[in-house]
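Here is the structure we will look at, set down as structure tokens.
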Amino acid sequence: MAYSVDTEWRNRVDFLNGRKQVADFLKNKWNTELDYKFKKESWSFTENRIAVRIEYEFRNVKNERFRAYGNKNWEFDENGLMQKRYASINDLPIRESKSKL
């Protein structure tokens, strides 16, 4: 419920429209990106927009591990709900011994 009904997302190569698509996307993400550890750094903000730098680690269902790097841009509506979210993220395969988070 944190997203506007007509929210618009881009996540890597996925383009999503509406709260239902976002909910389905997130459900799938949390079922496939396991042991998720996340670090976020505020980069910039204005009246209703925020930009953050992200770094996170996870393993997939095949037990392959990754570190992801990227940027997210968020825009909020007049009710404080996220109406736009654009994420540019790159995954780097890692060994468990190379985990930083």
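For Asn60, the side chain to side chain contact (heavy atoms under 4.5 Å, CB included) partners are Lys62, Glu64, Phe66, not counting sequence neighbours. Residues that satisfy the salt bridge (Lys or Arg N to Asp or Glu O under 4.0 Å) test with Glu41, not counting sequence neighbours, are Arg53. Asp6 meets the salt bridge (Lys or Arg N to Asp or Glu O under 4.0 Å) test with no other residue; sequence neighbours excluded. Partners of Lys40 by salt bridge (Lys or Arg N to Asp or Glu O under 4.0 Å), not counting sequence neighbours: none found. Judged as a salt bridge (Lys or Arg N to Asp or Glu O under 4.0 Å), and not counting sequence neighbours, the contacts of Asp24 are Lys20. Contacts of Leu26 classified as side chain to side chain contact (heavy atoms under 4.5 Å, CB included), with partners at least two apart in sequence or in another chain: Tyr3, Trp9, Val22, Lys29, Trp30.
Shown here for Ile54 and Asn71, the closest heavy-atom pair between the two residues is CG1-N, 4.2 Å. Here the closest non-hydrogen pair linking Phe25 and Asp14 is CE1-OD2, 3.6 Å. Shortest non-hydrogen contact noted between Asp77 and Ser4 is OD2-CB, 3.7 Å. The two residues Ala68 and Ile89 make their nearest non-hydrogen contact at CB-CG2, 3.7 Å. When every heavy atom of Val52 is checked against every heavy atom of Ser42, the shortest pair comes out as CG1-CA, 4.0 Å. Across Ile94 and Ser99, no two heavy atoms sit closer than the pair CD1-CA, 4.2 Å.
For the pair Asn11/Arg85, a side-chain contact is recorded, criterion being any heavy-atom separation below 4.5 Å from C-beta on. Side-chain contact between Asp91 and Glu33: absent, with no pair of heavy atoms (C-beta onward) separated by less than 4.5 Å.
Connection of Tyr86 to Tyr56 is not established within any shared hydrophobic cluster, with ILVMFWY side chains joined at heavy-atom distances below 4.5 Å, either directly or through further cluster members. Taken together through direct or relayed side-chain contacts under 4.5 Å among Ile, Leu, Val, Met, Phe, Trp and Tyr, Met82 and Ile50 form part of one hydrophobic cluster.
In this structure, a donor-acceptor pair under 3.5 Å is absent between the side chains of Ser44 and Arg49.
Judged by distance alone, with hydrogens and angles left aside, the side-chain atoms of Glu96 form no donor-acceptor pair with the main-chain N or O of Arg65 at under 3.5 Å.
Surrounding CZ of Arg12 are more than 12 heavy atoms belonging to other residues, nucleotides or ligands, all under 6.0 Å away. For Phe38, the CZ atom is densely surrounded, since the number of other residues' heavy atoms within 6.0 Å is greater than 12.
Checking Arg67, Lys39, Lys37 one by one against Glu57, the side-chain hydrogen bond (donor to acceptor under 3.5 Å, both in side chains) holds for a single residue, Arg67. With Gln83 as reference, Glu75 is the one residue of Glu75, Glu78, Glu8 to meet the side-chain hydrogen bond (donor to acceptor under 3.5 Å, both in side chains) rule.
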